[in-house]
Number of protein chains: 2
Amino acid sequence: MTTLTLDEKISKYHHGDLRNTLLALGTEMLSEAGVAALSLRKLAQRAGVSHNAPYQHFPDKESLLAAIAEQGFRLLGEAMDSAQANPTYPDPIERLIATGQSYVTFALNHPAHYQVMFGPLNNDAYPDLKATSHDTLAKLINIVAALQASGHLRPTPPLDLAATIWSCMHGLSAILIANKLPDYIRTQRDAAALSATMLRHLLTGLLA
Amino acid sequence: MTTLTLDEKISKYHHGDLRNTLLALGTEMLSEAGVAALSLRKLAQRAGVSHNAPYQHFPDKESLLAAIAEQGFRLLGEAMDSAQANPTYPDPIERLIATGQSYVTFALNHPAHYQVMFGPLNNDAYPDLKATSHDTLAKLINIVAALQASGHLRPTPPLDLAATIWSCMHGLSAILIANKLPDYIRTQRDAAALSATMLRHLLTGLLA
DNA sequence: ACCTGAACACCGTTCAAGT
DNA sequence: ACCTGAACACCGTTCAAGT
């Protein structure tokens, strides 16, 4: 019977970074099997920890989902940033279109994660989630405002324009994920093409 | 100890219209407490029936949800129809805008129902749901095609235009339900105004 | 501070049985 | 054909206890 040092005890006992592990594995389970299949008990098991350990880091399951959603908004924001930084599109309107495409692509690549981000969570109960989703919207507002300053977009309230563009991109993403436009989109390439087409329609208007 | 006639036995034993009762009460529970709170057992109890009776009418919980979603698409279609038939707007473009508003209003009036309609259900597994959602989209395509024939809208593929309008309206609805545009919408009146504004932007284009 | 194990109420689903 | 009751595996959450 060997006695453990305090350090050894701790290393056996403490996971070290359980919170982040739960977020990562939770996101993994989400993409493997969807929201319905994500149980706290299975997640704990996968993390190699008792089924109660997660309660040290999240007061309940919904809080875990909120944290996962928050991370999703961060990732989505990064995808938008890198589209904006892409030097392939020197024209700012083309860059806006590429940014919209990257939004839809992100959603289609992480459908379950995206569904949690816009799912039945009560946003107001999770201030961090709310703040992060606001930051993501703010990116779009900034892009729009810059395009107004350079004379590319109409000088109406930027929040209105941003909300319009966002609604369009979110709506397309959600409709595609829910598969309500079947036999329309066969490949990811199609989705990118469709989002560009839609954004061009939106920019130039639908009227004859 | 009285003996029951066959009819009496049947009337005691058979609920009569359990399937529709379950759909109606399920929708009710949905609007009272959201998807998360809708359990098959509670629903059966509310219907005054054993917790297994629902299985006579639905193979599992997901099928019940699919049937509820299907009914939602029917109601949404009816809301759009009556907006189209509203004589207040003789101008067909104004009628299109009113139809878009009625879409968003429906979604905000039945948020949990709407979330089930676009939730993580596998559309392809429920042919009736798929057909009904297609019928609803077809209404919009018909409206768009008529507006193209009358020279009001651009002669591009009507499915593209319909998908663009639908994405915009669905996106706005979903973003408002998920409360991701806080401090922006305070009343239902605001939501109707915002959807009209967005549709006008969409029709005339965002470019300067 | 962080984790475990036993316990509780609830859930979806199955199955044999009743009418 | 339609419904019931007992049973099963699973779930989120609580609590007392361990280190």
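Everything quoted here is computed from the prediction, not taken from an experiment. So that the names make sense, note that chain A is the first sequence line, chain B the second, and so on, each numbered from 1. In what follows, every heavy atom counts, from backbone to side chain, and hydrogens, waters and symmetry copies are set aside.
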Protein-nucleotide distance (B/Arg19, atom CZ; D/dC3, atom C1'), rounded to Å: 18 Å
Are any of the side-chain heavy atoms of B/Ile141 and B/Trp166 separated by less than 4.5 Å? no
Ignoring hydrogens and geometry beyond distance, is a side-chain donor-acceptor pair present between A/Gln84 and A/Thr99 at under 3.5 Å? yes
Tell me if the aromatic rings of A/His170 and A/Tyr114 count as close, with their centers under 6.0 Å from one another. yes
Distance below 4.0 Å between A/Tyr55 side-chain N/O and D/dT14 OP1 or OP2: no
Side chain of A/Lys180, backbone of B/His134: donor and acceptor closer than 3.5 Å? no
Nearest-neighbour nucleotide for the B/Leu40 side chain, D/dC3, C/dG12, D/dT13 considered: C/dG12
Nearest-Å distance, CG (A/Leu43) to C1' (C/dC3)? 15 Å
Can you find a side chain N or O atom of B/His57 that sits less than 4.0 Å from OP1 or OP2 on D/dC3? yes
How long is the line joining CG of A/Leu64 and C1' of D/dT13, in whole Å? 14 Å
Return the value, rounded to whole Å, for the distance between atom CG of A/Asn20 and atom P of C/dC2. 13 Å
Starting from C1' on D/dC2, measure out to CZ on B/Phe58 and report it in whole angstrom. 15 Å
Sequence-aligned protein contact record of nucleotides 5-10 of chain D, with B where the base is within under 4.0 Å of a protein heavy atom and S where only the sugar-phosphate is: BBB---
With a sphere of 6.0 Å drawn around CZ of B/Phe58, does it hold more than 12 non-hydrogen atoms of other residues, nucleotides or ligands? yes
Once you measure the plane-to-plane angle for B/Phe106 and B/His110, does it fall in the parallel (<30°), tilted (30-60°) or perpendicular (>60°) bin? tilted
Using purine N1 to pyrimidine N3 plus N6-O4 or O6-N4 for Watson-Crick, or N1-O2 and O6-N3 for G-U wobble, each under 3.5 Å, what pairs with D/dT4? C/dA16
Protein-nucleotide distance (A/Asp17, atom CG; C/dC3, atom P), rounded to Å: 10 Å
Scanning all shown strands, the Watson-Crick or wobble mate of D/dC11 with both distances under 3.5 Å is none
For B/Phe118 together with A/Phe118, are the ring centres under 6.0 Å from each other? no
Integer-rounded Å distance: C/dC11 P and B/Leu65 CG: 15 Å
A/Gln45 CD to C/dT4 C1', in whole Å, measures 15 Å
